[in-house]
Q: 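I am attaching a structure below and will ask some questions about it afterwards.
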Amino acid sequence: MKNRLLSFVICVLANTSLFYTLAQSNPNNLFQIGTKDSIYSEILTENRRIWVQVPESAKIATNHPKTYPVVYILDGRVHFLSICAVLNQLAPDTVPEMIVVGIENSENRTRDLTPTKVKEARGSSDWVKDSGGGEKFTDFIAKELIPYIDKKYPTTSHKTLIGHSFAGLLVVNTVLNHPELFADYIAIDPSLWWDNEVLNSQLAKRLSDKKYKGKSLFLSMANPLPPDTEKDLNVLVKDTTFRTEGLRAIYNFTKIASETKSSTLEFAYKYYENENHGTIPLISLYDGMYALFPWYKMNSSFVDVLRDPEADAKAVKKAFDDRYKTLSNHLGYTLYPEEDLLNNLGYMFMSNDPKKSFLFFTMLIESYPKNANGYDSMSDYYISQGDTKNAIKYVEIAYKISGGDYHKEKLQKLKKK
């Protein structure tokens, strides 16, 4: 019974994932992910393309407005599909369902993504002549793009920013100088070598600031050398040649961030010895999203209560209350137990633990009072207990909500008994 219930809970949570919008666009295309959008920026004085993906569950009518955290990913043309695929895999049992916003940066990446202006970088001046527009681009995100997304799409206040390479540099700059804009950050092999490691020089004295409390940063680091050469990080950071410049800058950041005892920033990093700068994004997105939400996964105490046949209904209710209170506190909005989860658990316990069955159906009605499903399920509970009077009572409520033939016929059959 214990193993069956554990498997069931995991299965239910997986099956309640409605994944991301994969609407068929036409008979010749299997799936279409996301929609194109755009916004004119007064700050940048140009039109900026974006791609937006809203979870499929947003289309389902419930008692509670469906709102979602938002992931903003720079270089959206390149990485939008990847982050959608990662969330499709992980949500909603490992991370929450989220809206994805991919931001276009293909026109002038150096201008958009570098936080400081330099005259020369890596032996050349021409390619960095427009550098230093990162703060202006951050203003665009903060003052124009985020308000636009919040107005048009069903968002919550919880936001994540992701970037790779120069975009990772901008992510780190945002963490250090504008931490209030996002809750979580993923910097993928960021170009921290920029401007003589200017961001590293700011790091130590800033990390103790209380404004970083509750903020999380996951940083990844690639191996810049060809395959089948050196992989030992301790050896690589001692290499003083140009080829390891980027890695050494990232390593310096990780050392400072990890060793600053007064830091209030939740920081984690990972070195990928078998990935280079071009191959590291996808695996970093997966590991980064996994690392940012350790509190979201079902912990052992929650699962153990569901598995324990000796746990009474009161203990089960407390486990649910504690879990969803924790999730709500972290995300900044009220999260309710999944409707299908409560419904299926109610039916599972109906024959062998009626008190728990009654509990789950009660929770279902309390969480989704305008949905017919909970009342219909409660009527089945009373039928299983031989209580026709209460069974009729709850079917009548379900029929009043749905107006459907199923509830009408069920009600007629019960009244004939």
Q: Do Y68 and S57 have side-chain atoms, one donor and one acceptor, less than 3.5 Å apart?
A: yes
Q: Kindly indicate whether a cation-pi arrangement holds for K297 with Y290, taking the cut-offs as under 6.0 Å to the six-membered ring centre and within 45° of the axis.
A: yes
Q: Between N343 and Y368, is there a side-chain donor-acceptor contact under 3.5 Å, judged purely by atom types and distance?
A: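 Looking only at side-chain atoms, N343 and Y368 do not form any donor-acceptor pair under 3.5 Å.
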Q: Could you give the distance from CD1 (I141) to CG (L74), rounded to the nearest 0.5 Å?
A: 5.5 Å
Q: Quiz question: by atom type and distance under 3.5 Å, do the side chains of D150 and T155 form a donor-acceptor pair?
A: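 Side-chain D/A pair, D150 to T155: present.
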Q: In the structure I gave you, are the side-chain heavy atoms of K136 and L44 within less than 4.5 Å of one another anywhere?
A: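 K136 reaches L44 side chain to side chain.
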Q: To the closest 0.5 Å, what do you measure between CE (M98) and CZ (F293)?
A: 3.5 Å
Q: For a side chain to side chain contact (heavy atoms under 4.5 Å, CB included) with I250, tell me which candidate from K255, M221, E197 qualifies.
A: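 In the set K255, M221, E197, the residue that makes a side chain to side chain contact (heavy atoms under 4.5 Å, CB included) with I250 is M221.
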Q: By the definition ring pair (Phe, Tyr, Trp, His ring centres under 6.0 Å), identify the one residue from F358, Y375, F360 that meets it with Y381.
A: F358
Q: So, N173 versus E135: side-chain donor-acceptor pair below 3.5 Å or not?
A: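 Yes, side-chain donor-acceptor contact under 3.5 Å.
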Q: Does the plane of the ring in F140 sit parallel, tilted or perpendicular to the ring in F137? Use 30° and 60° as the thresholds.
A: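 Tilted, since the angle between the ring planes falls between 30° and 60°.
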Q: Could you tell me if R109 sits above the aromatic ring of F166, with its cationic atom closer than 6.0 Å to the ring centre and no more than 45 degrees from the axis?
A: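 Here R109 fails the 6.0 Å and 45° test against F166.
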Q: Indicate whether the side chain of D380 and that of Y347 have a donor and an acceptor atom separated by less than 3.5 Å.
A: yes
Q: Could you check whether the rings of F302 and F320 sit parallel, tilted or perpendicular, using 30° and 60° as the cut-offs?
A: perpendicular
Q: Return the minimal non-hydrogen interatomic distance between S220 and I280, and the atom names on each side.
A: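 Heavy-atom minimum between the residues: OG-CD1, 3.7 Å.
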Q: We want to know whether W194 and T116 form a side-chain donor-acceptor pair, criterion being a heavy-atom distance below 3.5 angstrom.
A: yes
Q: Can you tell if the side chain of L359 reaches within under 4.5 Å of the side chain of F349, non-hydrogen atoms only?
A: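 Answer no - side chains too far apart.
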Q: Decide, yes or no, whether a salt bridge links K415 with E396 under the criterion of side-chain N to carboxylate O below 4.0 Å.
A: yes
Q: Could you tell me whether a side-chain N or O of N252 sits under 3.5 Å from a main-chain N or O of R248, the two making a donor and an acceptor?
A: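 Yes: the side chain of N252 pairs with the backbone of R248.
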Q: Is the backbone of K314 close enough, under 3.5 Å, to the side chain of D312 for a donor and an acceptor to pair up by distance?
A: yes
